[in-house]
Amino acid sequence: MYISYHYPFPILSFSINDEAYFLSKENLKIHYNLYKNDVEKLNSLLAGYPSFKTWNLEELIFYANKLPKKIRNEVVKYSGSVFNHQIFFNSLGSSNTTIPNQVMTAILGSFSSFSSFCLEFTKACENFDDFGFVFLCIDSSKRLVIVPVHLNDTTIPLNLYPLFGIDLYEHSYYLDFIFNPREYYNLFINHINWNYVLDELNECQKFFK
Ligand SMILES: [Fe+2]
């Protein structure tokens, strides 16, 4: 995911108006609009700084100390939010997506079974007592790890490449699952866009070269 200015919104792999989706269209629209606001804020912050318009999100976050002080903190905040939300919205798929062999092999190389991987992922969500995200990442030795990040922090400084991730801010689920967030975690893991995960698994080669 190497995207530079003018930062776009992702094309969703599902219909936001699907009444049967595990997240209601009301909840999705509220969340998507929050995310869009952050994309617009980031674009407007960088609009007056042509030399940084070629930088992708990863560079804005990793080389933040090179940004002008006047915009640095806000750029880091909104870059982190946009980076994490891009992964979250791209991670959302339908419930009947077949898991590509390459993805399943990677999961089984790091977890004892697919069901124990799902259990570990949802447990990490349950144990996360803050606002933020939980990502499935790959490290430089090709091992998959489940990593929580707080607020607008990202996995970039950890030298980890995220393959998919769940948003654990209340705004992502409160209309549908405010009294049962565990159901949100379980339904999320059953609605992963595995084709996106496969693309990212291939893309991560560039990150670790
Ligand atoms: Fe969010």
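Worth saying up front: this structure is predicted, and the values here are computed from it rather than measured.
Clustering ILVMFWY residues whenever any of their side-chain heavy atoms sit less than 4.5 angstrom apart, transitively, puts Leu34 in a cluster other than the one holding Leu42. Cluster annotation: Tyr173 and Ile189 are assigned to the same hydrophobic cluster (Ile/Leu/Val/Met/Phe/Trp/Tyr, side-chain heavy-atom contacts under 4.5 Å, transitive). By the criterion of side-chain heavy atoms lying less than 4.5 angstrom apart, applied directly or through intervening Ile, Leu, Val, Met, Phe, Trp or Tyr residues, Leu175 is grouped together with Phe179 in one hydrophobic cluster.
Thr155 contributes no side-chain N or O that, together with a main-chain N or O of Leu158, makes up a donor-acceptor pair within less than 3.5 Å. Side-chain N or O atoms of Thr122 include one that pairs as donor or acceptor with a backbone N or O of Leu119 at under 3.5 Å. Looking only at distances, no side-chain donor or acceptor of Lys25 sits under 3.5 Å from a matching main-chain atom of Asp18. In this structure a side-chain-to-backbone donor-acceptor pair under 3.5 Å is present from Asn127 to Lys123. The closest donor-acceptor contact from the side chain of Glu59 to the backbone of Asn56 lies under 3.5 Å.
Here the straight-line distance linking atom CG of Leu92 with atom OH of Tyr196 works out to 10.5 Å at 0.5 Å rounding. For the atom pair NZ of Lys77 and CD1 of Ile71, the computed distance is 14.5 Å after rounding to the nearest 0.5 Å. Taking OG of Ser91 as the start and CZ of Phe135 as the end, the distance is 8.0 Å to the nearest 0.5 Å. To the nearest 0.5 Å, the span separating CG on Leu163 from CD1 on Ile146 amounts to 11.0 Å.
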**OP:** For the pair His150 and Phe128, evaluate ring-ring contact (aromatic ring centres under 6.0 Å, His included) and give the outcome as yes or no after the intermediate values.
**Re:** CA-CA 9 Å; His150 296 265; Phe128 187 72; 4.7 Å; yes
Original post:
Please walk me through it: do Phe164 and Phe121 pass ring-ring contact (aromatic ring centres under 6.0 Å, His included)?
Top reply: CA-CA 11 Å; Phe164 72 73; Phe121 189 85; 5.2 Å; yes
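The two residues Gln102 and Asn202 have their closest heavy-atom pair at NE2-OD1, 3.0 Å. Taking each heavy atom of Asn84 and Leu151 in turn, the nearest pair found is ND2-O, 4.2 Å.
Between the side chains of Tyr185 and Glu126, no donor-acceptor pair is found at a separation under 3.5 Å.
Partners of Lys142 by side chain to side chain donor-acceptor pair (under 3.5 Å), not counting sequence neighbours: none found.
For the pair Phe52 and Tyr63, the minimum side-chain heavy-atom distance is 4.5 Å or more. Under the 4.5 Å side-chain criterion, counting only non-hydrogen atoms from C-beta, Ser95 is not in contact with Asn190.
A centroid separation of less than 6.0 Å is found between the aromatic rings of Phe133 and His85. Aromatic rings from Phe89 and Tyr35 are positioned such that their centres are separated by under 6.0 Å.
Just one of Asn37, Thr154, Asp38 meets the side chain to side chain donor-acceptor pair (under 3.5 Å) condition when paired with Ser81; it is Asp38.
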